[in-house]
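Below is one structure, written out as structure tokens, with a few remarks after it.
Each chain gets a letter, A, B and so on, in the order its sequence line appears, and its residues count up from 1.
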Amino acid sequence: MYWGESLIKDLKGKQKVSTGISPSGPIHLGNLREILTGDIIYKSLLMDGKESTFIYLADDMDPLRKVYPFLPESYTEHVGKPLRDIPAPDGKGSYSEFYLNPFMEALKSLDVKPEVIRTGELYRDGKFGEIINTVIEKKDEIRSILESISGRELEPQWFPYNARCSKCGRINSTTATDYGDGKVSYNCKCGNSGESDIYREEGKLPWRIEWPAKWKILNVTIEPFGKDHGTVGGSYDTGKEIAEKIFNYKAPLPLIYERILLKGKGAMHSSTGVNIPAQEILSFSPPEIIRYVMARVPATRHVEFDPALGFLSTMDEFERLLKMESEKKTSEDQHWILTLSKAGRAYDSVPDYRHLTTLVQIYNSEERIREILKNEGKEYSSEILRETIEMAKKWVQTYAPDSSKFSLKGEKDPVDLSVEERKLICSLYEKLEKLDQWVPEKIHECARESIGRFNLAPADGFRAIYRVLIGNDKGPRLGFFLSVIPREKITKRLGWVCGE
RNA sequence: GGGCCCAUAGCUCAGCUAGGUAGAGCAUCUGGCUUUUAACCAGAGGGUCAGGGGUUCGAACCCCCUUGGGCCCGCCA
């Protein structure tokens, strides 16, 4: 049974799937797992005929933790302020929206369409007010829950609400001194003191309390989250207890998902953690493949993502599945996976990505590639073809291993050949010089004849030719390859090698 | 120290939430093909399912232990 199905099959009644990421920087591949897992669960519920909604919480009330490496030093003054109150790095709008917007764009192309809720707006609109009041009234009970379950000792002056300083704007530097009438009095390290209205965005709950409060306010019934929250004594454990004991709300069904690791490219994630930004991935991968990577494996298993050769294998795999589907040979699980991998657009007839990675290195115009494919009897919708061509280009220049790349050698680049091989090149040179038509078939014909004349094994002959032209043992189909390059360029090269 | 995930053919993995005599793709080998985009077609070899114990008529699949990898427990998923 498909993992998504088995997870939700026993659920009764209306469901609400919740996910959330704090928009504190560029959203990357790892974050994608959270939201895509949520989307997969949501869509699995629908496929199973259950009523469900799907929300994405942008935690823009979270404070800036520190000056991240990608931020200018001037952001030091903003550390501790809510993300929504900080100016964007480009000066336009808020910090949180700056990182949220491109992420939303990425989600759109991935066909993920949750209801987006900004936590800051929940505070602003007073949605948290009542529950904050409860939290403060029952702070001693909450304190003991946090201490006993997490095993962590809280400071004596601990208070379950962080007021935002009206002067310096920080929410991590105030100390509560009093509470009454929905107002928290505070002193700030900046010297200011004042009152914070719990029905406004003038402060926030600490994470471990805010999380269960969100469940209650938004009626969340199922939520995927990373194992950092899922560890024993972690925030899910304390959240569950707080939800059930204090808020009288049944904690959502948890789905603790494993992490995504990057493969290849050496120590790509040794120090900084995994971080291919979401946009970067979508620049070389069709959204269907990203979805496929997340959908095919149970969320509880880790995924090793290989953007290099492994990516092509994943493409192949997906294309095979699509083919099976068109022949109605998919198993039930495969049907689920395929359905959940689709990104809300027709992607039945896929341009062969692997093939494109080669074509893209030979031809530079999209029209040319379209023609070639047409000659091969394959036609695709122009939009998807254009996109995929761009992606293949990007993949070649950024992720392709050297063995998959090639470029024409210069006229006088040195090359190491045996005597026999050099004779072969001379022969080919003469034939190509005299060739009446510079077309693929004829060119290929010349190569075969030349190789035949010297009793070389075909593979050895071709290897010599490729070595001369691109410095590799293998290359794209010779006739097509040479036909798009001006003849003089080829003959000059061959002539020089022959004369050496 | 605590927790989670993983360990199945040379490689990448499926199968493990319906327990019933081991699967796919790639690689290798053989044959074919007017020979090469990581070509294509047909076929073959290859695994005591990490190790040990238990439950069962029967376990890769359930339970326990061991070993080896990976990851998480200072709110970066």
RNA chain B: 5'-proximal contact among A/Gly234 and A/Tyr68 (nearest heavy atom):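 That would be A/Gly234.
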5′-ward residue of the pair A/Thr357/A/Gly20 relative to RNA chain B: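 Looking at RNA chain B, the more 5' nearest nucleotide goes with A/Thr357.
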Span that lies between the [atom1] atom of [M] and that of [N], in whole angstrom:
{"N": "B/C71", "M": "B/A77", "atom1": "C1'", "value": "12 Å"}
{"N": "B/G1", "M": "B/U66", "atom1": "P", "value": "12 Å"}
{"N": "B/C41", "M": "B/A24", "atom1": "P", "value": "15 Å"}
{"N": "B/A60", "M": "B/A44", "atom1": "C1'", "value": "25 Å"}
{"N": "B/C49", "M": "B/U8", "atom1": "P", "value": "11 Å"}
{"N": "B/U67", "M": "B/A9", "atom1": "C1'", "value": "22 Å"}
{"N": "B/U17", "M": "B/C62", "atom1": "C1'", "value": "11 Å"}
{"N": "B/A14", "M": "B/G25", "atom1": "C1'", "value": "10 Å"}

Inspect the contact between [Y] and [X] and indicate whether a charged nitrogen and a carboxylate oxygen are less than 4.0 angstrom apart.
{"X": "A/Arg164", "Y": "A/Asp85", "result": "yes"}
{"X": "A/Asp62", "Y": "A/Arg84", "result": "no"}
{"X": "A/Lys113", "Y": "A/Asp39", "result": "no"}

Whether A/Thr221 side chain and A/Lys16 backbone form a donor-acceptor pair below 3.5 Å: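 At least one qualifying donor-acceptor pair exists.
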Of all the nucleotides listed ([options]), which has the minimum atom distance to the side chain of [X]?
{"X": "A/Glu34", "options": "B/G74, B/C71, B/A77", "answer": "B/A77"}
{"X": "A/Glu258", "options": "B/C72, B/C4, B/C76", "answer": "B/C4"}
{"X": "A/Ile21", "options": "B/A77, B/C6, B/C75", "answer": "B/A77"}
{"X": "A/Lys9", "options": "B/C76, B/U17, B/G2", "answer": "B/U17"}
{"X": "A/His229", "options": "B/G74, B/G2, B/C75", "answer": "B/C75"}
{"X": "A/Trp207", "options": "B/C6, B/C75, B/A77", "answer": "B/C75"}
{"X": "A/Lys227", "options": "B/C75, B/A77, B/C4", "answer": "B/C4"}

Point-to-point distance, once rounded to the nearest 0.5 Å, from OG of A/Ser148 to CG of A/Asp237: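 Going from OG on A/Ser148 over to CG on A/Asp237, the span is 10.5 Å.
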Spatial distance of atom CZ (A/Arg422) from atom CD1 (A/Ile425) [nearest 0.5 Å]: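 If we round to the nearest 0.5 Å, A/Arg422:CZ and A/Ile425:CD1 are 8.5 Å apart.
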Stem segments of RNA chain B by first residue number [Watson-Crick or G-U, under 3.5 Å, at least 3]: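 Expected stems, ordered by start: B:1-7 with B:67-73, B:10-13 with B:23-26, B:28-32 with B:40-44, B:50-54 with B:62-66.
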What does [X] touch in the nucleic acid at a heavy-atom separation under 4.0 angstrom: a base, only the sugar-phosphate, or nothing?
{"X": "A/Ser6", "result": "base"}
{"X": "A/Leu312", "result": "base"}
{"X": "A/Arg208", "result": "nothing"}
{"X": "A/Arg259", "result": "base"}

Rounded to whole angstroms, how far apart are [atom1] on [X] and [atom2] on [N]?
{"X": "A/Leu83", "N": "B/C76", "atom1": "CG", "atom2": "C1'", "answer": "13 Å"}
{"X": "A/Trp3", "N": "B/A14", "atom1": "CH2", "atom2": "P", "answer": "14 Å"}
{"X": "A/Asp228", "N": "B/C5", "atom1": "CG", "atom2": "P", "answer": "15 Å"}
{"X": "A/Asp333", "N": "B/G23", "atom1": "CG", "atom2": "C1'", "answer": "15 Å"}
{"X": "A/Ile256", "N": "B/C73", "atom1": "CD1", "atom2": "P", "answer": "13 Å"}

Aromatic centroids of A/Tyr257 and A/Phe225 separated by under 6.0 Å: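 Centroid separation for A/Phe225 and A/Tyr257: 6.0 Å or greater.
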Distance flag, aromatic centroids of A/Phe311 and A/Tyr399, threshold under 6.0 Å: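 A/Tyr399 vs A/Phe311: aromatic centres not under 6.0 Å.
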Pairwise side-chain contact, A/Arg493 with A/Val468, heavy-atom cut-off 4.5 Å (strictly under):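 With C-beta onward as the side chain, the pair touches.
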